[in-house]
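Here is the structure we will look at.
Proteins get letters first, then strands, A, B, ... in listed order; numbering begins at 1 in each. No experiment lies behind these values; they were computed from the predicted model shown.
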Amino acid sequence: MSRYLPREIEGKWQSVWAEEGTWEVAGPGDPGFDPSRPAAYVLEMLPYPSGEPHVGHLKCYSVGDAIAHFRRRNGFEVIHPMGYDSFGLPAENNAIKTGEPPLTATTRSIESFRRQFNEWGISIDWTREIATHTPEYYRWTQWIFLQLFEAGLAYRDRAPVQWCPNDATVLANEQVIDGRCERCGTEVETRNLEQWFFRTTAYAERLLEDFDLLESWPEHVITMQRNWIGRSEGAEVMFRCEEVGIDFPVFTTRPDTLFGATFFVLAPEHPELEALVAGTEAEGPVRDYVNQVARASVEERGDEARPKTGVPLGRSVTNPVNGEQIPMFVADYVLMDYGTGAVMAVPAHDERDYAFARAFDLPIERVIEGVDEEAEDLDADGLPYSGDGPMVRSGRFDGMNNRKAYDEIVEWLSAEGRGESAVNYRLRDWLVSRQRYWGAPIPIVHCPECGMVPVPDDQLPVELPEISDYAPKGKSPLEAATDWVEVDCPGCGAAARRETDTMDTFVDSSWYFLRYLDPANGTTAFEREKADHWMPVDQYIGGVEHAILHLLYARFFVKALSDLGHIETPEPFANLFTQGMITRDGAKMSKSKGNTVSPADYVERFGADSARAYVCFMGPPERGGDWSDEGVEGVHRFLARLWRAATDLAEAEGQDPDGASCPADFEGDARVLAAKANWAIDKATGDFSRGFQFNTVIAAVMELVNEVYRTRDDLAGDAAGVAALRFAIATAASLIQPFAPHLAAEVWEMVVGGRVWEVPWPEADPAMLISETATIVIQVNGKVRDRIEVPDGIGESELLLAAREAPNVVRYLEGTETVKEVVVPGKLVNLVVKPA
RNA sequence: GCGGCGGUGGCGGAACUGGUAUACGCGAUGGAUUCAAAAUCCAUUGCCCGCAAGGGCAUGUGGGUUCGAUUCCCACCCGCCGCACCA
């Protein structure tokens, strides 16, 4: 008996797959393309190559590979590519610290990732490999940027933006979490800078609507995106300050409460603030207040429990519905980046306005009657009231229900030219420029004559120049590459300067899944025919941490590319699966805590198959789980058991090309084992199709292998027994193949011969799923009192008779009369009795 | 505060449409094998009472529907995740 040596087996099959290009597939226009085969695109999120792959990668690619294998064996032509999200800050920060160029560290990391993905035996079509930092790739990132630029979807603008002082760059809204930089956790500052944006807001509505086009996304991810886009319906209403002659539009979701507006508030960043108070008594206090707010952190300001603060401006605006003059304030509870940065305050019907009115002793005018049954913290009048009811103190709308008044007031304002219905989004345009080195240069030249000039297509890529000092200085390190910066304008030939900001690395990863489909194309980013053949991605797999960032950006990109005629589908990912995080001792793994798990160690000790199958066996993959060394060993033990059963059989009986089929004439133990194998096929197929319940698929194969051990001593003696054993072992190998592809290949070769990955996914024989006898549970008054074995398909009356005779049941029936008999065929009998 | 997900043995988890709760794995205990150990194989393993047969209690808590509830309904407690002064 030989020992299970995973490293040998795994090396053997990895060589076979590499030499034969087993996982390579052809698309339209490629040699060998077969249009009749159904296509499936299985994709895991692009890894950022830094150091070594961690367990999160192991889980993601193990899950994805299992799906890829399962689809292949169900007849699909599966494209399953791999690449690297290889631009980004870690490599650059390392360069600042050590002086090693980002390219060197990145190349090293990529080699390590590639090597380990191979050692894991992930079924990747390596001919499609990409890395976003290569000029061959970012040439097309730049091309897409210019496509967006020409379509008016990329623009440059001065705006208040979020600046991370530690990373010395601006950030997109999505990259600021609770006022802190998503990457490094430093508190961000607001700066007024000229930056590049993608017009994501132009797609706000479609980003919402097209959730309907998705086949299966986790509901919580859709909810998160919905919240992020933050659509709200209402009206834009104009308030005029007659004293200085400025109109202030406000967005409100409650135009029905307009008559209750008793004051008016501007955000501290409001651009007209200066003009309103210049030269007045309020100027000093307002300036002090604005400065004080500017110093406060985003986190402090966001605290809604904090008492309301603000300063009167000494000005007033006219309420357009009743002509009343209402006083103006500046207060930090009004945010500049939502709506218009100004609000009409209706203290009677809005909690925040109410709190402010209380603090500043301002009038509170109720305009909707009603009682809020559920609300707490109301004053004696039941205010603030946010429910519905009849209008009061609202002129000709008095007595009307507020919902109706809502529509009529908007209509009236529209007719008067003082307002209109409006939809507002929380979503901002995507800020894509970064003042950092290790990213794709923005392909624009600034010409004193022509302005912003796109670099012509035939001059792409704009290659990232080599520099010596990567340290950020508040502007892009590329500024220092004078030879590179100074160019002739592509339009007029005048001396001009290149744009020195680089692109957010999320731009790189917003379209990589398209480049995989045509990776070597030197004349276009991807051929539409190829993209349309494979897209959208049938199954996307990755962590929830990208629920908003990457997934929203990629959706935006595909919509834009679709509108520009480059691709058919408007959605990149038809089905999304988000895997849960693996922890260690209940805590998130991190280098600083020293609780990281290195997949390479486990692959070394137990083999890739054990490590892969273990992460799939830990629990439902969408949930997280705690890493356990004993757990890996357990899975390894199971694989070794299968291996030993197979070697024992192969040594004694050789291979049999028909071994994978199940003869129908088994009897006794042979029949029991064959039935178990068919049960496992049925269970595994069902669990695979229902979702991604890989843990129970693996458990079913474990049960099958346990059954092999229970019966094999008795079966090894005769031909039928050997056939049953062979069938069971072959079935186990076949079912475990998506999780342990090397072992499965080896076992299959030993007992059947040939290649398991080329064998169609097995189908259970329905006749073998029916057992000859059934165990029936007998309950008396809902409590289990006995179990009986009966022939399958027994009649109801016979069953009831047998049930009443079951030894332990008899005692409970003595001296009772039966009220009711419940029979569930093949499962259970419940006798409901009461004392006679 | 709002929204989502979850709470089952010593631990990770299973139970597809309301029908044997605790599959499978880990751990533990005992046995076989061995000079010995590792490895392996076999058996036992929810808790309590009982020599046993058997009984009682158990799926966060309390109620409800039902012949029967981990599963459905109501209320509550706890944990995790997301959002949160969005006008």
>> Both conditions, 6.0 Å and 45 degrees, for the charged tip of A/Arg555 above the ring of A/Phe211: are they met here?
In response: yes
> Can you tell me if A/Glu365 and A/Thr262 form a side-chain donor-acceptor pair at under 3.5 Å?
Replying inline: no
Going by atom type alone, with no hydrogens or angles, which donor-acceptor pairs under 3.5 Å involve a side-chain atom of residues 226-233 of chain A and a protein atom two or more places apart or on another chain?
unit_1, atom_1, unit_2, atom_2, d
A/Trp228, NE1, A/Glu174, OE2, 2.9
A/Arg231, NE, A/Glu205, OE1, 3.0
A/Arg231, NE, A/Glu205, OE2, 3.3
A/Arg231, NH1, A/Glu233, OE2, 2.8
A/Ser232, OG, A/Tyr338, OH, 2.9

>> Looking at A/Glu622, I want to see if its CD is surrounded by more than 12 non-hydrogen atoms of other residues, nucleotides or ligands under 6.0 Å.
In response: yes
> Quick one: the side chain of A/Lys308 and the base of B/C85, do they pair up donor-acceptor inside 3.5 Å?
Replying inline: yes
> Using atom P of each nucleotide, how far apart are B/C11 and B/G63 to the nearest Å?
Replying inline: 26 Å
> In Watson-Crick or G-U wobble terms, both distances under 3.5 Å, what is the partner of B/A52?
Replying inline: none
>> Rounded to whole Å, how long is the line connecting atom CG of A/Leu704 with atom C1' of B/A23?
In response: 14 Å
> Given B/C24, is OP1 or OP2 found less than 4.0 Å from the side-chain N or O atoms of A/Arg637?
Replying inline: no
>> Whole angstroms only, please: what is the CG-P distance between A/Asp626 and B/G79?
In response: 19 Å
> B/C81 and B/U29: how far apart are their C1' atoms, nearest whole angstrom?
Replying inline: 40 Å
> Reading nucleotides 1-8 of chain B from the 5' end, what letters show protein touch, with B for base, S for backbone sugar-phosphate only, - for no heavy atom under 4.0 Å?
Replying inline: ---S----
>> Please classify the nucleic acid contact of A/Thr253 as base, sugar-phosphate, or nothing, using heavy-atom distances under 4.0 Å.
In response: sugar-phosphate
> Paired with B/A87: which nucleotide, if any, by Watson-Crick or G-U wobble criteria at under 3.5 Å for both distances?
Replying inline: none
>> Measuring from the side chain of A/Pro620 (C-beta onward, heavy atoms only), which nucleotide among B/C24, B/A14, B/C41 has the closest atom?
In response: B/A14
>> Quick check: do A/Arg254 and A/Asn402 have side-chain heavy atoms less than 4.5 Å from each other?
In response: yes
>> Both distances below 3.5 Å, Watson-Crick or wobble geometry, any strand: find the nucleotide opposite B/U59.
In response: none
Can you check nucleotides 50-60 of chain B for protein contacts, nitrogen or oxygen pairs under 3.5 Å, and list what you find?
unit_1, atom_1, unit_2, atom_2, d
B/G54, O3', A/Arg811, NH2, 3.3
B/G55, OP1, A/Arg785, NH1, 3.3
B/G55, OP1, A/Asn808, ND2, 3.2
B/G55, OP1, A/Tyr812, OH, 2.6
B/G56, OP1, A/Arg785, NH2, 3.4
B/G56, OP2, A/Arg785, NH1, 3.2
B/C57, OP2, A/Lys783, NZ, 3.3

> For B/G9, is chi within 90° of 0 (syn) or not (anti)?
Replying inline: syn
> With ring centroids as reference points, do A/Tyr602 and A/Tyr614 lie under 6.0 angstrom apart?
Replying inline: no
> Using the P atom in both, what is the distance from B/A21 to B/G56, to the nearest Å?
Replying inline: 13 Å
> What interatomic distance, in whole Å, is found between P of B/C74 and the corresponding atom of B/G3?
Replying inline: 14 Å
>> More than 12 heavy atoms of other residues, nucleotides or ligands under 6.0 Å from CD of A/Glu420: yes or no?
In response: no
>> Taking the P atom in each of B/C57 and B/U70, what is the distance between them to the nearest angstrom?
In response: 13 Å
> Base, sugar-phosphate alone, or nothing: which one does A/Val334 contact when heavy atoms must sit under 4.0 Å apart?
Replying inline: base
> What is the distance from CG of A/Asn781 to P of B/U66, rounded to the nearest Å?
Replying inline: 15 Å
> If each of A/Ile177 and A/Gly634 is mapped to the nucleotide of RNA chain B with the nearest heavy atom, which maps nearer the 5' terminus, i.e. the 5' end?
Replying inline: A/Gly634
>> Between B/U33 and B/C41, how many Å separate the two C1' atoms, rounded to a whole number?
In response: 8 Å
> So which nucleotide from B/C16, B/C24, B/U20 ends up closest to the side chain of A/Arg690?
Replying inline: B/C16
> Can you find a side-chain donor-acceptor pair between A/Asp786 and A/Asn808 that sits under 3.5 Å?
Replying inline: no
>> In whole Å, I'd like the distance from the CG atom of A/Leu335 to the C1' atom of B/A84.
In response: 11 Å
> Do the side-chain N or O atoms of A/Asn695 get closer than 4.0 angstrom to the phosphate oxygens (OP1, OP2) of B/A14?
Replying inline: yes
> Which of the following nucleotides, B/U20, B/C85, B/A23, is nearest to the side chain of A/Val777?
Replying inline: B/U20
> Do A/Arg306 and A/Asp332 sit within salt-bridge range, that is, some charged N less than 4.0 Å from a carboxylate O?
Replying inline: yes
>> Suppose we define a pair by two distances each less than 3.5 Å, Watson-Crick or G-U wobble; what does B/C2 pair with here?
In response: B/G82
> Mind checking the P distance from B/A23 to B/U45? Whole angstroms is fine.
Replying inline: 10 Å
>> Students often get this wrong, so: under 4.0 angstrom with heavy atoms, is A/Gln693 touching a base, only sugar-phosphate, or nothing?
In response: sugar-phosphate
> What is the nucleic acid contact for A/Val832, judged by heavy atoms within less than 4.0 Å: base, sugar-phosphate only, or nothing?
Replying inline: sugar-phosphate
> Less than 4.0 Å between a side-chain N and a carboxylate O, is that true for A/Lys308 and A/Asp353?
Replying inline: no
>> Heavy atoms only, 4.0 Å cut-off, all strands: where does A/Asn706 land among base, sugar-phosphate and nothing?
In response: sugar-phosphate
> What does B/C24 pair with, Watson-Crick or G-U, if both distances are under 3.5 Å?
Replying inline: B/G12
>> Could you tell me the Watson-Crick or G-U partner of B/C72, where both distances fall under 3.5 Å? Say none if there is no partner.
In response: B/G64
> Base, sugar-phosphate, or nothing: which does A/Asn830 touch, judged by heavy atoms less than 4.0 Å apart?
Replying inline: base
> Can we call the ring centroids of A/Phe263 and A/Phe360 under 6.0 Å apart?
Replying inline: no
> Counting only Watson-Crick or G-U wobble pairs whose two distances fall under 3.5 Å, which nucleotide matches B/U17?
Replying inline: none
> Over how many whole Å does the gap from A/Ile548 atom CD1 to B/G82 atom P extend?
Replying inline: 10 Å
> Between B/A21 atom C1' and A/Leu828 atom CG, what is the distance in whole Å?
Replying inline: 14 Å
> When all nucleic acid strands are considered with a 4.0 Å heavy-atom cut-off, which category describes A/Gly631: base, sugar-phosphate, or nothing?
Replying inline: nothing
> Is the A/His270 ring parallel, tilted or perpendicular to the A/Phe248 ring (thresholds 30°, 60°)?
Replying inline: tilted
>> For A/Glu8, is there an ion pair with A/Arg3 - N to carboxylate O distance below 4.0 angstrom?
In response: no
> Say you pick atom P in B/A87 and the same atom in B/C80; how far apart are they, in whole Å?
Replying inline: 29 Å
> If we call it a pair only when both distances are under 3.5 Å in a Watson-Crick or G-U wobble match, what pairs with B/C41?
Replying inline: B/G31
> For A/Ser232 and B/A87, is the shortest distance between a side-chain N/O and OP1 or OP2 below 4.0 Å?
Replying inline: yes
> More than 12 heavy atoms of other residues, nucleotides or ligands under 6.0 Å from CD of A/Glu763: is that the case?
Replying inline: no
>> Could you tell me how far apart A/Ile788 (CD1) and B/G19 (C1') are, to the nearest whole angstrom?
In response: 15 Å
> For the pair made of CD1 in A/Ile776 and P in B/U20, what is the distance, rounded to whole Å?
Replying inline: 11 Å
> A/Glu630 side chain: which of B/A87, B/G13, B/G27 is closest?
Replying inline: B/G27
>> What contact category does A/Tyr709 fall into here, base, sugar-phosphate, or nothing, at under 4.0 angstrom with non-hydrogen atoms?
In response: sugar-phosphate
